[in-house]
Engineer: 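Below are the structure tokens for one structure; questions will follow.
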Amino acid sequence: QVQLVESGGGLVQAGGSLRLSCAASGLTFSSYTMGWFRQAPGKEREFVTAISRSGANTYYTDSVKGRFTIFRDNAKNTVYLQMNSLKPEDTAVYYCAAGYGGSSWLLSRSDEYDYWGQGTQVTVSS
């Protein structure tokens, strides 16, 4: 069965950095757009970033542009999220997701993704 397992979350001070990892198994990893979403307490799950199958294309929500970087290693079936200059408002559970998609690689809605990880908590203290 398909499994996405996130790791790397934790507690960090504002201005600090974290790198999240998402290891995939049970699917042809290089055939999937990979995305990261987050959900803060009391809020809806929101799109953060996505990366195309080859890794050549990326897209970020405005609030993380210039601070977060998504990249993938298809040989290791892993996608990463490097988060720098973290802010308290980045506090959330972060989820990775895999979407097969169609004609477009860019998937930014939750319902466009086929598989989800269990999430990893990121807490940024002020």
Engineer: Just one of Tyr32, Tyr115, Tyr113 clears the side chain to side chain contact (heavy atoms under 4.5 Å, CB included) bar with Tyr100, so which one?
Structural biologist: Tyr32
Engineer: Is the backbone N or O of Gly119 less than 3.5 Å from a side-chain atom of Glu6, with the two atoms forming a donor-acceptor pair by type?
Structural biologist: yes
Engineer: Indicate the atoms forming the closest heavy-atom contact of Leu4 with Ala24, along with that distance.
Structural biologist: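 Heavy-atom minimum between the residues: CD2-CB, 3.4 Å.
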Engineer: Can you tell me how far apart CG (Leu86) and CG (Leu18) are? Round to the nearest 0.5 Å.
Structural biologist: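 It comes to 5.5 Å.
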Engineer: Supply the atom-to-atom distance Asn74 CG to Ser30 OG, rounded to the nearest 0.5 angstrom.
Structural biologist: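 With rounding to 0.5 Å, CG (Asn74) is 5.0 Å from OG (Ser30).
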Engineer: Would Leu107 and Trp105 show up in the same hydrophobic cluster when neighbours are defined by side-chain heavy atoms closer than 4.5 Å?
Structural biologist: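 Same cluster.
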Engineer: For Ala98 versus Leu27, what's the shortest heavy-atom pair and its separation?
Structural biologist: CB-CD1, 4.0 Å
Engineer: Let me confirm one number: the CD-CD distance from Gln118 to Gln3, rounded to the nearest 0.5 Å.
Structural biologist: 9.0 Å
Engineer: Measure the CG-CE distance between Leu81 and Met34 for me, rounded to the nearest 0.5 Å.
Structural biologist: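 Those atoms lie 11.5 Å apart.
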Engineer: Does Tyr60 share a hydrophobic cluster with Val79, counting links as ILVMFWY side-chain heavy atoms below 4.5 Å and allowing steps through other members?
Structural biologist: yes
Engineer: Tell me the closest heavy-atom pair linking Thr33 and Ala50, and the distance in Å.
Structural biologist: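 Minimum heavy-atom separation between Thr33 and Ala50: CG2-CB, 4.3 Å.
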Engineer: Does a side-chain heavy-atom distance below 4.5 Å link Trp36 with Leu20?
Structural biologist: yes
Engineer: Is there a chain of hydrophobic side chains (I, L, V, M, F, W, Y, each step under 4.5 Å between heavy atoms) that links Val64 to Phe47?
Structural biologist: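 No, it is not one cluster - the side chains of Val64 and Phe47 are not joined through contacts under 4.5 Å.
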Engineer: Roughly how far, to the nearest 0.5 Å, is CG of Asp73 from OG1 of Thr78?
Structural biologist: 6.5 Å
Engineer: Tyr80, Met83: one ILVMFWY side-chain cluster at the under-4.5 Å cut-off?
Structural biologist: no
Engineer: Cationic tip of Arg72 within the cone over Phe29's six-membered ring, i.e. under 6.0 Å and within 45° of the normal?
Structural biologist: yes
Engineer: Taking the side chain as everything from C-beta on, heavy atoms only, tell me whether Phe68 gets closer than 4.5 Å to Val48.
Structural biologist: yes
Engineer: If I take atom NZ from residue Lys43 and atom CD from residue Glu89, how far apart are they, to the nearest 0.5 angstrom?
Structural biologist: 8.5 Å
Engineer: Between Trp116 and Phe37, does the ring centroid distance fall short of 6.0 Å?
Structural biologist: yes
Engineer: So, the side chain of Arg53 versus the backbone of Ser31: is there a donor-acceptor pair under 3.5 Å, distance only?
Structural biologist: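 Flag set: sc Arg53 to bb Ser31 pair under 3.5 Å.
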Engineer: Might you confirm whether atom NZ of Lys65 has over 12 heavy atoms from other residues, nucleotides or ligands at distances under 6.0 Å?
Structural biologist: yes
Engineer: Which heavy-atom pair separates Ala92 from Ala40 by the least distance, and what is that distance?
Structural biologist: CB-N, 3.8 Å
Engineer: Any sub-3.5 Å donor-acceptor pair from Thr58's side-chain atoms to Ile51's backbone N or O?
Structural biologist: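 Looks like no, no N/O pair under 3.5 Å.
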Engineer: Which atom pair, heavy atoms only, marks the closest approach of Pro88 to Ser126?
Structural biologist: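 Residues Pro88 and Ser126, closest heavy atoms: CG-CB, 3.8 Å.
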Engineer: Any salt bridge linking Asp90 with Lys87? Criterion: basic side-chain nitrogen under 4.0 Å from a carboxylate oxygen.
Structural biologist: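 A salt bridge is absent here (no side-chain N lies under 4.0 Å from a carboxylate O).
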Engineer: Would you please test Thr123 and Gln121 for side chain to side chain donor-acceptor pair (under 3.5 Å) and show each step?
Structural biologist: CA-CA 6 Å; Thr123 303; Gln121 176 71 46; 3.3 Å; yes
